[in-house]
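Here the structure comes first, spelled out in structure tokens, and everything after it is commentary.
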Amino acid sequence: MADATDHYSTHPARHWCVVEAGRVQCKLCPRGCVLGDDQVGACRNRRNVAGRLMAETYGRTSGVAVDPMEKKPLYHFLPGSSVLSFGGIGCNLTCGFCQNWHLSAEGTPRDLGDETSPAAVVRAARRYGCAAVAFTYNEPTVSLEYVIDVADACRAAGIRTVVVSNGYITRQAAEELYPRIDAANIDLKAFRPAFYAACGGKLDPVLDTLQLIRHSMDTWLEITTLVIPGHNDSDAELRASAAWVTQRLGPDVPLHFSAFHPAHRFMDTPPTPDSTLLRARRLAMEAGVRHVYLGNTRLTEGADTHCAGCGALEIRRRGYQTDASGLCRGRCSSCGAACPGIFEA
Ligand code: SF4
């Protein structure tokens with residue numbers, strides 16, 4: 001556990017219990033941190049204050065930006081719209097390859113701004129013409145209490161909400177969060193338990209979250225895998241992962257393969273070659289995934305959305321320029337087949 005260094009919010013946390021006098025256990029994620037007085041959980045967002053768990057960073061963000069929805073990435077959710085994106089600090093996993101490590105691994109409460117009320121978030125989304133608000137950049141679920149309050153305020157105001165998450169959350173917390181969330185992009189970092197163990201986590205809870213969102217929630221789901229040379233890019237692993245997606249989630253869940261760039265503790269690992277991304281896409285499509293996209297690359301293959309029925313171009317993407325004129329009310333303009341996703345604001 002991290003040492004106590006900063007006392008700020010006195011906002012009560014959810015999902016915890018007392019294990020003995022003065023010691024509490026957080027039940028927000030499968031790590032289940034047991035914390036003595038004044039100790040902070042591994043995610044650096046939740047503190048035991050006098051025997052009660054507090055949401056240490058409630059309402060305080062490390063950065064806000066207006067992003068294209070495609071940057072989350074979400075390709076089948078309000079294409080071409082703008083999304084007001086918030087980040088915090090900390091994470092409940094410790095991935096050495098993290099592309100946002102300056103926030104997730106090294107961010108501290110001192111990097112956060114003043115508390116922003118949910119009503120102020122709604123006002124900002126309206127001011128900037130955003131169709132949705134996204135919780136992203138670091139792992140947002142470690143700030144569950146704030147995400148829930150903002151999501152409720154957004155829903156009341158007719159603004160959609162997006163979560164970009166590692167999916168490492170307990171079922172009870174996920175069941176509270178995702179009914180409030182309109183779309184999620186969940187990382188499937190690899191398909192081997194040993195890979196997740198090296199990140200301080202486990203594979204199975206992530207698979208459980210994916211199935212919960214897909215089958216028990218109205219939340220639109222897309223998945224991202226950061227493809228890291230030599231670590232999660234074997235044919236066997238890519239095939240097994242895509243087969244699981246097809247069989248357990250269905251062929252209509254979009255899968256994004258994103259190129260790795262050297263970062264954090266993986267500075268000696270080379271960037272992902274285009275050939276690896278193309279191979280991952282081919283294997284996933286052979287396994288039955290209908291919409292497979294490539295990100296962090298200049299490749300045009302894997303950028304566009306084509307009708308799974310007739311093959312017509314539905315959405316063309318170049319950089320963050322999006323042309324969805326091949327879709328009409330969520331249906332292919334050529335054959336009329338429905339495209340999976342949410343396309344009407
Ligand atoms: S959310 Fe944070 S404090 Fe809670 S169990 Fe996970 S890592 Fe520990």
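One-based numbering, in listed order, for ligands and for the atoms of each. Quick note: residue numbers are just sequence positions, from 1. This is a predicted model, so every value here is computed, not measured.
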Which ligand 1 atoms, with their elements, are less than 4.0 angstrom from a heavy-atom of [X]?
X	result
Cys33	3 (S), 5 (S), 7 (S), 8 (Fe)
Gly41	3 (S)
Gly32	5 (S)
Asn92	7 (S)
Arg46	1 (S), 2 (Fe), 3 (S), 4 (Fe)
Leu28	1 (S)
Cys26	1 (S), 3 (S), 4 (Fe), 5 (S)

Open item on the list: So, 2.8 Å as the limit: is an N/O/S atom of Cys43 located closer than that to atom 2 (Fe) of ligand 1?
Closed with: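 Of the N, O and S atoms in Cys43, at least one lies under 2.8 Å from atom 2 (Fe) of ligand 1, which means yes.
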Task: Electrostatic pair Arg60-Asp111, nearest N-O below 4.0 angstrom - done: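 Salt bridge: no.
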Report yes or no: does [X] contribute a side-chain atom to a donor-acceptor pair with the main-chain N or O of [Y] at less than 3.5 Å?
X	Y	answer
Arg290	His306	no
Glu70	Pro79	no
Thr136	Ser85	no

Open item on the list: Is the distance between the ring centroids of Phe260 and His231 under 6.0 Å?
Closed with: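 So the answer is no for these two rings.
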- [ ] Please answer: with hydrophobic residues joined when any side-chain heavy atoms are less than 4.5 Å apart, are Val121 and Leu144 in the same cluster?
- [x]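 Yes, same cluster.
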